[in-house]
2 protein chains.
Amino acid sequence: MNKTTIKDVAKRLNVSISSVSRAFNDKYDIKKETRERILRVAKEMGYHPNPIAQKLKQNKSFNIGVIVPEFINEYYSEVISGIQEVLNVNGYQVLTMQSNNCPSLEFKNVETLLNNRVDGLIICPSCDSENMNFYLEKISKGQHIVFVNRVKESFPAKKVLFNNIKWSYLATEHLIQKGYKKIYHLAGNKNLSISHDRISGFKKAMEKYKFPTSSFKIIETGLLAEDATVIVEELILDDDLPDAFMCINDLVALSVISILSEHSIAVPEDIGVIGFTETKMASLMSPKLSSVKQPTYEMGKTAAEMLCKSINNIVIERETVIMNGDLNIRKSSSRS
Amino acid sequence: MNKTTIKDVAKRLNVSISSVSRAFNDKYDIKKETRERILRVAKEMGYHPNPIAQKLKQNKSFNIGVIVPEFINEYYSEVISGIQEVLNVNGYQVLTMQSNNCPSLEFKNVETLLNNRVDGLIICPSCDSENMNFYLEKISKGQHIVFVNRVKESFPAKKVLFNNIKWSYLATEHLIQKGYKKIYHLAGNKNLSISHDRISGFKKAMEKYKFPTSSFKIIETGLLAEDATVIVEELILDDDLPDAFMCINDLVALSVISILSEHSIAVPEDIGVIGFTETKMASLMSPKLSSVKQPTYEMGKTAAEMLCKSINNIVIERETVIMNGDLNIRKSSSRS
DNA sequence: TTGTAAGCGTTATCAT
DNA sequence: ATGATAACGCTTACAA
């Protein structure tokens, strides 16, 4: 075990511990030679300053807490990777916790992390309609918090969002331009702003291209593959299939394709499908899935940078950053 | 900010700080009433012991470091979830880092975590053939380390492995029993023991069922989808397609299916395909992918439990735990 | 049962 | 330029 302390080094060199400390913290006066001598011997002895003592003294943990709904899917894994990239470079360690999409566990995790004295938090909320006052209170008490993804644009806090309205509109427009005349949107849960926004984008496209009410539907499906399965089976039974599905995410899109294929309905010839929040798998399917790509990694980096600034009291230009994506068109929406 | 200290509480109650400390650490003698009074007032004041001070005093960080090659794919995300589940319950916080499949970054991360005084490490190595002495040295210095997945069974350390030989054998046997007569194994990089073991299992099945050398091949493909693409295209050009592919992982399997489908080769009718290390997506494909499921979550839990025991010097029955999986048979290998 | 005080490994103020 | 020392917030041996 590494047990060499500043005292050991000081004793060995017949200098005071303050000199050793100074040698390791450039900011103090110390003769260049002594500094180098100390550093050399310290290295020989395998000395590393004990960060825990430093933390206590400086009243700073150099830990940042990150809470996500889950990281089994790529989305939040990539966000976390972006966060780590920035924070590690800045000398922070990242403590990640999952809320399992449960607000009360999310809040409990926040308390755990705060009790562990994290210097700041990045929260990807599981839900943006419940108890957001919990966070406003923490912020007003001086906590540094940055939110990512599932947060209302109107929420008065630092946050990084994806422009769901715009890219939902563009995805829908793409289907229209491909000649699909009857389009259903398999939407997520309405009390999530991201679902709400994607519905808005979809509606906007319907209006813009003057689709009559009979030519589109918005079906609240949820975010899970299983949910979609049931719905599509029903549509088939009711003989109420559209020309194309605009799906809340790739999981739903893939399960739609899977069911249609079981019923020998051809994608994209009979029915077009487009997903959202691109999965790596999207390009490994047959047919390959068209989807809206979100800049997950960059969203994480941006949030981390905002947090660093917040901690260092650097004023920020914009409290809210809304990011753009890419429309990755592949086979599933490209009939010729 | 939470700034209430043990002193504030003591002063407020006209007791000594040791009494307050005792109230929070059951193990000491303290009158029940005082204890309750202290706890109640402490709660009112919003006091929580400062874990950093506790760590310094107890010379223990209550942090555990975890290093994985990446957590964009589900495999390590699930392992980490299992680890967190156990460690959080035991009062530890988990510091996760990615090595990006690069041994030197992995070692650098180890040093970072050790300098941060983690109480133990769980390592999912990026490679098991290089510099494993690095770890043996740490262990001999008293560090607590548990390895997961990519480690040779002969490596003398605590570890949790998957029985790759057995399940590779079973996956291959399944293809044989389905009547596929010519089987190619798309293998991973040979200097990884997991690839090596899966090759062994494959060979074992070939021997057991007396396949002549002309009826099977082992092609070193790598772990990535792109690698497989090239290989299969070549096989098609050379008119050297087998009856079935036994793939090193699902990513490779899915890209095989995708290419075959582009060439209008039917899976599973013309060619059967089976993957390894089940992806969630496996059951969303058409055809749904057969695969070997690894108990990722349980592997993480097991490793974490072993680490806790190691830290608390509890003797362990077996230094090496080798886990079993499931054969999830779906459409891609089920011709009728 | 409770209080006093030393000490964990640093940093930073004040002398020298 | 360097050294002595208090302090960070807690635990724990020892004293009362």
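Naming: A, B, ... by sequence-line order, numbering from 1 per chain. Just so we're clear, the structure is a prediction, and the values are computed from it rather than from any experiment.
Between A:Arg40 and A:Glu44 there is a salt bridge, since a side-chain N of the basic residue sits under 4.0 Å from a carboxylate O of the acidic one.
In this structure, B:Asp29 places its CG atom 15 Å from C1' of D:dT11, rounding to the nearest Å. Atom-to-atom, NZ of B:Lys60 to P of D:dT12 comes out at 12 Å; the value is rounded to the nearest Å. Here D:dT12 presents its P atom at 14 Å from CD1 of B:Ile30, a figure rounded to the nearest Å. What separates CZ of B:Arg35 from P of C:dG3 is a distance of 16 Å, to the nearest Å. The interatomic distance linking A:Lys55 (NZ) with C:dC8 (C1') rounds to 15 Å, in whole Å.
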For nucleotides 9-12 of chain C, which of its nitrogen or oxygen atoms have a protein nitrogen or oxygen under 3.5 Å away, and what is each distance?
unit_1 : atom_1 : unit_2  : atom_2 : d
C:dT10 : OP1    : A:Tyr47 : OH     : 3.1
C:dT10 : OP1    : A:Asn50 : N      : 2.9
C:dT10 : OP2    : A:Ile6  : N      : 2.9
C:dT10 : O5'    : A:Asn50 : N      : 3.4
C:dT11 : OP1    : A:Asn25 : ND2    : 3.2
C:dT11 : OP1    : A:Gln54 : NE2    : 3.1
C:dT11 : OP2    : A:Ser21 : OG     : 2.5
C:dT11 : OP2    : A:Asn25 : ND2    : 3.4
C:dT11 : O2     : A:Lys57 : NZ     : 3.2
C:dA12 : OP2    : A:Lys27 : NZ     : 3.4
C:dA12 : OP2    : A:Tyr28 : OH     : 2.3
C:dA12 : O5'    : A:Tyr28 : OH     : 3.1

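Aromatic ring centroids of B:Tyr47 and B:Phe24 lie under 6.0 Å apart.
Between the axis at the start and the axis at the end of the helix from C:dT1-D:dA16 to C:dT16-D:dA1 there is an angle of 50°, using five pairs per end and rounding to 10 degrees.
A 4.5 Å side-chain heavy-atom check between A:Leu307 and A:Ile311 finds at least one atom pair inside the cut-off. The side-chain heavy atoms of A:Tyr135 and A:Glu106, taken from C-beta on, include a pair separated by under 4.5 Å.
Counting heavy-atom neighbours within 6.0 Å of B:Lys43 NZ, excluding the residue itself, gives a total of 12 or less. For CZ of B:Arg37, the number of neighbouring non-hydrogen atoms (other residues, nucleotides, ligands) closer than 6.0 Å is greater than 12. Atom CD of B:Glu153 is surrounded by 12 or fewer heavy atoms from other residues, nucleotides or ligands within 6.0 Å.
For the salt bridge (Lys or Arg N to Asp or Glu O under 4.0 Å) test, residues two or more places apart in sequence or in another chain that qualify with B:Asp26 are B:Arg35.
Of the side-chain N and O atoms in A:Ser19, one or more sit less than 4.0 angstrom from OP1 or OP2 of D:dG3.
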